[in-house]
Amino acid sequence: TGLSQPFMFGSLRVYVNGVRLTASGDILIPVTNQLNSYTANTDGLGFTLMNAISSSDVIRIDFDISLVGEPIPPYPPV
């Protein structure tokens, strides 16, 4: 998946069917009963899922855009 703006290192959050995936290990997605995780691209312009998702799966991507100056704080605050 490609993005038009680079994200700040460590700020990428990927959700499939409401379940947050991690880059450090597989997470079970209950709706599909499938394990999945992701690998962020080193240029901050995208990521790759470890396993394909179907057209009925809902994917949500959240990240902080890399800016010059102060980083944008996460919203909602964590």
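These numbers come from the heavy atoms of this one structure, side chains and all, not from hydrogens, waters or symmetry mates.
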Considering all heavy atoms of both residues, which atom of [X] and which atom of [Y] are nearest to each other, and what is their separation?
X	Y	result
S37	G25	CB-O, 3.5 Å
D43	L45	OD1-N, 2.9 Å
L35	N51	O-ND2, 2.6 Å
N41	F7	O-CZ, 4.4 Å
A40	F47	CA-CB, 4.0 Å

(request) Report yes or no: does Y38 contribute a side-chain atom to a donor-acceptor pair with the main-chain N or O of L12 at less than 3.5 Å? (result) yes
(message) If we ignore hydrogens and angles and just use 3.5 Å, is the side chain of N33 paired with the main-chain N or O of P30 as donor and acceptor?
(response)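 It does not hold such a pair.
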Can you tell me how far apart [atom1] ([X]) and [atom2] ([Y]) are? Round to the nearest 0.5 Å.
X	Y	atom1	atom2	value
L21	I29	CG	CD1	5.0 Å
N17	Q34	CG	CD	9.5 Å
I27	R20	CD1	CZ	10.0 Å
R13	F63	CZ	CZ	9.5 Å

Side-chain touch [X]/[Y], heavy atoms, less than 4.5 angstrom:
X	Y	result
V31	V16	no
V58	Y15	no
T39	M50	yes
N36	D26	no

(request) Just do the side-chain contact (heavy atoms from CB on, under 4.5 Å) check on L49 and I59 with the steps written out, would you? (result) CA-CA 11 Å; L49 291 174; I59 186 167; 4.2 Å; yes
